[in-house]
Amino acid sequence: MGKVKIGIIGTGSISNMHMAGYTRLENVEVVAACDINEERVKEFAKRYHIPNVFTDYNEMLKMKDLDAVSVTTWNNIHAPASIAALNAGKHVLCEKPLALNAKQAQEMVEASKKSGKLLMVGFCRRFGENAIALKEMIDNGDLGNLYYAKTGCLRRWGNPGGWFSDKKRSGGGPVIDLGVHMIDLIRYLSGKPKAVSVTASTFNSMGMRPEVKGIQKYNSADYSEFNDVEDCATSIIKFDNGMTLFFETSWVQNIKEDSLYLELFGDKAGAKMEPEFELYESRYNYLRNTKPILDPNGSGFEHNFIEETKHFISCITDGTKCINPAEDGLELMKIIDAIYQSAETGHEVIL
Ligand SMILES: NC(=O)c1ccc[n+]([C@@H]2O[C@H](COP(=O)([O-])OP(=O)(O)OC[C@H]3O[C@@H](n4cnc5c(N)ncnc54)[C@H](O)[C@@H]3O)[C@@H](O)[C@H]2O)c1
């Protein structure tokens with residue numbers, strides 16, 4: 001085939017990361033951009049020399065010379081835009097979370113099957129060298145049987161506001177925004193076990209705290225202080241491979257500093273992937289710690305997006321097996337739904 005013709009739906013912050021990938025690929029041409037914010041999409045199209053500009057993705061999807069789209073909108077538009085694109089015969093790379101909930105995600109998976117077009121979910125962290133290295137070690141049995149994992153992504157003061165903190169448009173707060181990456185990584189690294197039970201609490205006691213002075217935080221492009229989502233959450237998730245995951249996340253919490261951690265424990269070794277890569281085991285009856293040397297730029301934010309878009313394109317052009325199929329996004333949405341359901345009812349949710 002000739003160049004893969006791409007359209008971007010949603011030209012806010014993260015679409016620039018998709019562009020960082022597409023613009024590096026010689027066999028790709030970004031031919032169209034769409035956003036409901038006309039000024040923003042025009043400015044975006046000018047910056048990247050994109051010839052066709054739309055404010056309605058249904059109009060954009062009528063383009064014959066368009067093979068695939070990136071869906072980089074608010075979360076509530078992921079399902080309708082992806083389904084419309086698949087029905088129009090386009091391949092889709094949809095940002096995480098796949099949808100607002102599992103019901104929508106299921107409809108997206110079905111639309112993909114019906115159309116025969118690829119629906120890939122943007123779990124970009126899977127493309128980090130740290131995740132690739134750890135997966136190889138786990139797949140080769142270096143950790144033995146995995147029985148426990150813990151992961152967290154915590155912010156002291158980091159509610160981005162705007163659509164992020166408006167449940168109708170986001171589906172929730174840090175659980176669906178940050179947690180989706182961390183829980184996905186645990187599933188992906190440990191061989192995609194299915195969750196069998198979820199116990200969770202969410203907390204809404206702090207609010208957005210817009211009055212905080214002295215430090216800067218990331219604010220959504222269309223910032224507002226409306227906030228009806230959780231500040232933080234904690235959860236115990238059990239999987240069908242016998243592994244238990246402890247997970248926590250926050251946008252606003254009285255902690256000393258932000259933190260990101262991910263650890264997996266097996267009966268042969270334990271591994272920490274974040275904040276640094278280390279392995280813990282014993283050899284010849286001595287406890288031993290090792291620290292594989294990884295490319296310091298190999299797991300960065302932009303790097304992961306560059307690799308993600310490259311993979312998306314090679315799935316389209318070479319039939320490469322997609323490592324981020326929509327089904328994985330659906331499994332995550334089942335877990336996210338269960339976290340919110342358990343928090344609301346105060347009971348364990350059996351899946
Ligand atoms: N993979 C990651 O690490 C990562 C990081 C940040 C954001 N994201 C995801 O990317 C998505 C976008 O986040 P963002 O930070 O870029 O938000 P943003 O607010 O900066 O951009 C979203 C854009 O979508 C546009 N939009 C809304 N409805 C639309 C519609 N119907 N048609 C066309 N455009 C529409 C908005 O006008 C806005 O310009 C979210 O789903 C978010 O979860 C992923």
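In this chain, residues are counted from 1 in sequence order. All figures in this text were calculated on a predicted structure; none of them were measured in a lab. Both ligands and their constituent atoms are indexed starting at 1 by order of listing.
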When you measure from the side chain of Thr55 to the backbone N and O of Glu38, does any donor-acceptor pair fall under 3.5 Å?
no
Please name the residue in the list Val53, Thr72, Val41 that meets the side-chain contact (heavy atoms from CB on, under 4.5 Å) test with Thr11.
Val41
Interfacing atoms of ligand 1 (cut-off 4.0 Å, heavy-atom, Phe305)
1 (N), 2 (C), 3 (O)
Side-chain heavy-atom pair Arg156, Gln253 within 4.5 angstrom cut-off
no
Close approach, Arg125 and ligand 1, non-hydrogen under 4.0 angstrom:
no
Can you list the ligand 1 atoms lying under 4.0 Å from a non-hydrogen atom of Tyr218?
15 (O)
With heavy atoms of Ile77 as the reference, note each atom of ligand 1 found under 4.0 Å away.
28 (N), 30 (C), 31 (N)
Classify the side-chain pair Tyr280/Thr290 by whether it contains a donor and acceptor separated by less than 3.5 Å.
no
Just need the protein heavy atom nearest to atom 18 (P) of ligand 1, so name the residue and atom and give the distance.
Trp163 NE1, 3.8 Å
Quick look: Phe123 vs ligand 1, heavy-atom contacts under 4.0 Å, and the answer is neither
Ligand 1 to His78 polar contact by distance, N or O atoms, under 3.5 Å
yes
Within a 6.0 Å radius of atom NZ on Lys291, are there more than 12 heavy atoms belonging to other residues, nucleotides or ligands?
yes
Per-atom contacts, ligand 1 versus Cys124 - under 4.0 Å to a heavy atom:
1 (N), 2 (C), 3 (O)
Just to be sure I'm reading this right: ignoring hydrogens, which of Asn304, Leu178, Asn37, Thr73 gets closest to atom 40 (C) of ligand 1? Compare them by their nearest heavy atoms.
Thr73
Thinking salt bridges, do Glu307 and Lys310 make one under a 4.0 Å N-O criterion?
yes
Nearest non-hydrogen contact with atom 29 (C) of ligand 1 belongs to which option: Leu98, Thr55, Ile36, Asn58?
Ile36
Show the numbers, then the answer: is there a salt bridge (Lys or Arg N to Asp or Glu O under 4.0 Å) between Lys213 and Glu211?
CA-CA 6 Å; Lys213 294 187 267 193; Glu211 69 281 6; over 6 Å; no
Residue, atom and distance of the protein heavy atom nearest atom 14 (P) of ligand 1 read Ile14 N, 4.1 Å
Given the rule in the salt bridge (Lys or Arg N to Asp or Glu O under 4.0 Å) test, do Glu110 and Lys114 qualify, once you have shown the distances and angles that lead to the verdict?
CA-CA 6 Å; Glu110 277 158 22; Lys114 201 167 145 211; over 6 Å; no
Distance-only check: which donor-acceptor pairs under 3.5 Å involve side-chain atoms of residues 328-340, not counting sequence neighbours?
residue: Asp328; atom: OD1; partner: Lys192; partner atom: NZ; Å: 3.4
residue: Asp328; atom: OD2; partner: Arg126; partner atom: NH1; Å: 3.1
residue: Asp328; atom: OD2; partner: Arg126; partner atom: NH2; Å: 3.0
residue: Asp328; atom: OD2; partner: Lys192; partner atom: NZ; Å: 2.7
residue: Glu331; atom: OE2; partner: Lys194; partner atom: NZ; Å: 3.2
residue: Glu331; atom: OE2; partner: Lys334; partner atom: NZ; Å: 3.1
residue: Asp337; atom: OD2; partner: Ala102; partner atom: N; Å: 3.0
residue: Tyr340; atom: OH; partner: Gly173; partner atom: N; Å: 3.3
residue: Tyr340; atom: OH; partner: Glu230; partner atom: OE1; Å: 3.3
residue: Tyr340; atom: OH; partner: Glu230; partner atom: OE2; Å: 2.7

Donor-acceptor pair between Ser70 and His18 side chains, under 3.5 angstrom
yes
List ligand 1 atoms under 4.0 Å from His181, heavy atoms only on the residue side.
1 (N), 2 (C), 3 (O)
Distance to 0.1 Å, residue and atom name: give those for the protein heavy atom nearest to atom 21 (O) of ligand 1.
Gly12 CA, 3.2 Å
Are any of the N/O atoms in Asp222 less than 3.5 Å from those in ligand 1?
no
Over 12 foreign heavy atoms within 6.0 Å of NZ, Lys135:
yes
Count the heavy atoms belonging to other residues, nucleotides or ligands that lie under 6.0 Å from CD of Glu344, then report whether that count exceeds 12.
no
Contact check: Tyr57 vs ligand 1, nitrogen or oxygen atoms, below 3.5 angstrom:
no
Among protein heavy atoms, which sits nearest to atom 8 (N) of ligand 1, and what does the distance come to when rounded to 0.1 Å?
Glu95 OE1, 3.9 Å
With a 3.5 Å cut-off and no angle check, do the side chains of Ser197 and Glu348 form a donor-acceptor pair?
yes
Answer side chain, backbone, both or neither: which part of Met17 comes under 4.0 Å from ligand 1, heavy atoms only.
neither
Which residue and non-hydrogen atom of the protein lie closest to atom 20 (O) of ligand 1, and at what distance in Å?
Ser13 N, 2.9 Å
Under 3.5 Å: N/O of Asp35 near N/O of ligand 1:
yes
Among all protein heavy atoms in this structure, tell me which lies nearest to atom 41 (O) of ligand 1, with the distance rounded to 0.1 Å.
Asn75 OD1, 2.6 Å
Is it the side chain (CB and beyond), the backbone, both or neither of Lys96 that lies under 4.0 Å from ligand 1, heavy atoms counted?
both
Part of Thr72 with heavy atoms under 4.0 Å of ligand 1, whether side chain, backbone, both or neither:
backbone
